[in-house]
Amino acid sequence: MPSEQVPLRIRTSSLASIVGENGFYPWENLAPSQQQFILQAIASPTPPNCIVYPETTEQLAQVIREANRNQWRVLPCGSGSKLSWGGLVKGIDVVVSTERLNKLIDHAVGDLTVTAEAGMKFSELQAILAKANQFLALDPVTPSATLGGIVATADTGSLKQRYGSVRDQLLGITFVRADGQVAKAGGRVVKNVAGYDLMKLFTGSYGTLGVISQVTFRVYPIPEISATVVLTGRAEDVSQAAAILRGSALTPTQADLVSIQLVSELGLGTGMGLIARFQSIAESVKEQSNRLVEVGQNLGLQGAMYGGVDEADLWQRLRESMYFGSAESAITCKIGVSPTAGVEVLKQAQKGLIHIASGLGVLRFEDEQGLMEVRSLCENHRGFLTILTAPVGVKQRFDVWGYTGNAGEMMRRIKLQFDQKNILSPGRFVGGI
């Protein structure tokens, strides 16, 4: 029988010889919950044939090489915590998880750098770093996210206020190209500027250019102490407090504007909110926290200070409320606007938070009502609104990315250079790339 007449389900079983029987799972062998989770990311009702779990970079390269040879369309993922983000992928044949690529490669304590495989979970790396009194200054949606997934989706969080984005902290990557070749970019030292900066290109590319197998980050000493200040009240007064904080010498590690509904849901008071976290030596944290509370008092805002377990619980509840609500119809969006427009946007949103320095943030809608109006508002403020998670039907009706810039053709040419056969996450990125 000619090879093209051999059922795809049978042909993909050849991947078992690469990853072993324990690393190859036909679709029908997956638990229904795992099947449903994967289907959230796929445009077609036809499921993939299998999911494979390579355990080394070489196995990963062989899997991608085999997929390229057969023109099988591949959906790369880590733990799958953000598999439902971005556009719906088209006609996937094989899901490739890097979850078992999870080893620590090198922790240069004195150089403040760490190298690990892409499948290592964020929480596991933080536990390793904590033994040396260090941490990775990112705040992903869930601690179970893998390092590769954090890079692929540019999942930074509120710590961007002080430490910058994933792009700013990533020093090097190893990745597998669409043709199965292993390539590297950057290095393992902070000062490394040789060659084209592929790391920035891969950060936020959603697995459309290659499959990340290893990453190197800069890390930081764990601060001595932490405290969080919450100011609540009239939107205009909160906006003024944010402006004063932006223009002051205070150095919060996290600082977000919080919508009225979210303030109420978290039991923080009434009105809109400003939540700011200070982390440093004890004297500095106390001084800076008191100064921000004083700013709030002068503006007629209610102020509260959190520390210890209460503070950790507050930030955890904030994250869970934004990303893990129970409504099946809920839509979570990433936005970006001019920082000074944050309060105006939050007035129109059902629930959300916006970082005061970057203007980046997250909005949550219980359904699609009002979604396009808020997207127009963001665009009017030189910004954007991108749908992260939503029911498949919503993603089929709306442009997930809403991109209106002029770089579409350049992005398509880059995709062609990296993935000529269009086998990696087809349709997941801007413009159906």
Side-chain angles (χ1 to χ4, degrees), residues 8 11-12 14-15 18-19 38-44 46-54 57-80 82-99 101 117-119 146-155 173-185 198-215 395 400-401 403 408-433:
L8 182 59
R11 285 190 283 138
T12 54
S14 64
L15 297 174
I18 298 173
V19 298
I38 293 172
L39 289 175
Q40 293 180 83
I42 298 175
S44 168
T46 304
N49 292 277
C50 60
I51 181 170
V52 296
Y53 293 87
T57 296
E58 182 51 39
Q59 283 188 2
L60 175 61
Q62 290 181 45
V63 167
I64 300 302
R65 199 175 302 133
E66 182 74 359
N68 184 274
R69 186 175 67 84
N70 290 281
Q71 296 191 47
W72 296 334
R73 288 152 296 189
V74 174
L75 176 60
C77 69
S79 63
K82 291 180 283 294
L83 197 58
S84 60
W85 286 22
L88 298 172
V89 291
K90 301 171 184 175
I92 292 301
D93 301 309
V94 180
V95 178
V96 178
S97 171
T98 60
E99 197 170 18
L101 283 161
E117 290 184 321
T146 62
L147 302 178
I150 291 171
V151 174
T153 57
D155 183 17
I173 60 170
T174 299
F175 62 94
V176 177
R177 303 186 328 194
D179 61 2
Q181 296 299 308
V182 178
K184 297 182 179 183
L198 289 178
M199 294 174 295
K200 287 185 170 59
L201 191 62
F202 268 70
T203 304
S205 63
Y206 280 74
T208 58
L209 301 179
V211 186
I212 300 171
S213 64
Q214 192 177 113
V215 291
K395 289 194 173 186
V400 168
W401 294 93
Y403 179 72
E409 178 58 29
M410 179 178 291
M411 286 189 280
R412 281 186 284 273
R413 287 166 60 188
I414 290 172
K415 169 68 170 176
L416 186 62
Q417 287 291 319
F418 280 85
D419 183 12
Q420 192 170 19
K421 296 181 180 179
N422 194 31
I423 67 166
L424 297 177
S425 300
R428 197 177 185 193
F429 200 57
V430 176
I433 293 175

Worksheet entry | Ile64 vs Arg177 side-chain heavy atoms within contact, under 4.5 Å | no
Worksheet item: For Ser84, which residues count as a side chain to side chain contact (heavy atoms under 4.5 Å, CB included) partner, sequence neighbours excluded?
Response: Gln40, Thr389
Discussion item. Going by the rule ring pair (Phe, Tyr, Trp, His ring centres under 6.0 Å), which residues pair with Phe429 if we only count those two or more places apart in sequence or in a different chain?
Written reply: Trp401
Response to the item:
Scanning both residues in full, the closest heavy-atom pair of Thr146 with Gly119 reads CG2-O, 3.4 Å
Worksheet entry | Phe202 and Phe418 aromatic ring geometry - parallel, tilted or perpendicular at 30°/60° bounds | perpendicular
Fill in: Non-hydrogen side-chain atoms of Ile38 and Pro48 separated by less than 4.5 Å
yes
Practice prompt. Taking all heavy atoms of Cys77 and all of Val95, pick out the closest pair and write down the distance.
Written response: SG-CG1, 3.9 Å
Discussion item. Surrounding CD of Gln420 (heavy atoms of other residues, nucleotides or ligands, distance under 6.0 Å), is the total greater than 12?
Written reply: no
Discussion item. Donor-acceptor check, side chain of Asp93 to backbone of Arg73, threshold 3.5 angstrom: yes or no?
Written reply: yes
Discussion item. Can you see whether Glu66 engages Ser14 through a side-chain donor-acceptor pair at a distance of less than 3.5 angstrom?
Written reply: yes
Worksheet item: How would you list, by chain and number, every residue that makes a side-chain hydrogen bond (donor to acceptor under 3.5 Å, both in side chains) with Lys395, sequence neighbours excluded?
Response: none
Discussion item. I'd like to know if the side chain of Asn70 and the backbone of Trp72 have a donor-acceptor N/O pair within less than 3.5 Å.
Written reply: no
Worksheet item: Is the shortest heavy-atom distance from the side chain of Asp419 to the side chain of Thr208 under 4.5 Å?
Response: no
Worksheet item: Applying the side chain to side chain contact (heavy atoms under 4.5 Å, CB included) test to Arg413, which of Met410, Gln417, Glu409 qualifies?
Response: Glu409
Worksheet entry | Minimum heavy-atom distance between Val400 and Gly87, given as atom pair plus value | CG1-N, 4.0 Å
Response to the item:
By side-chain hydrogen bond (donor to acceptor under 3.5 Å, both in side chains), Lys90 pairs with (sequence neighbours left out) none
Worksheet entry | side-chain hydrogen bond (donor to acceptor under 3.5 Å, both in side chains) contacts touching residues 422-433 (sequence neighbours left out) | none
Discussion item. Give me each pair satisfying salt bridge (charged side-chain N to carboxylate O under 4.0 Å, His left out) with a member in residues 200-209, each pair once, sequence neighbours excluded.
Written reply: Asp197-Lys200
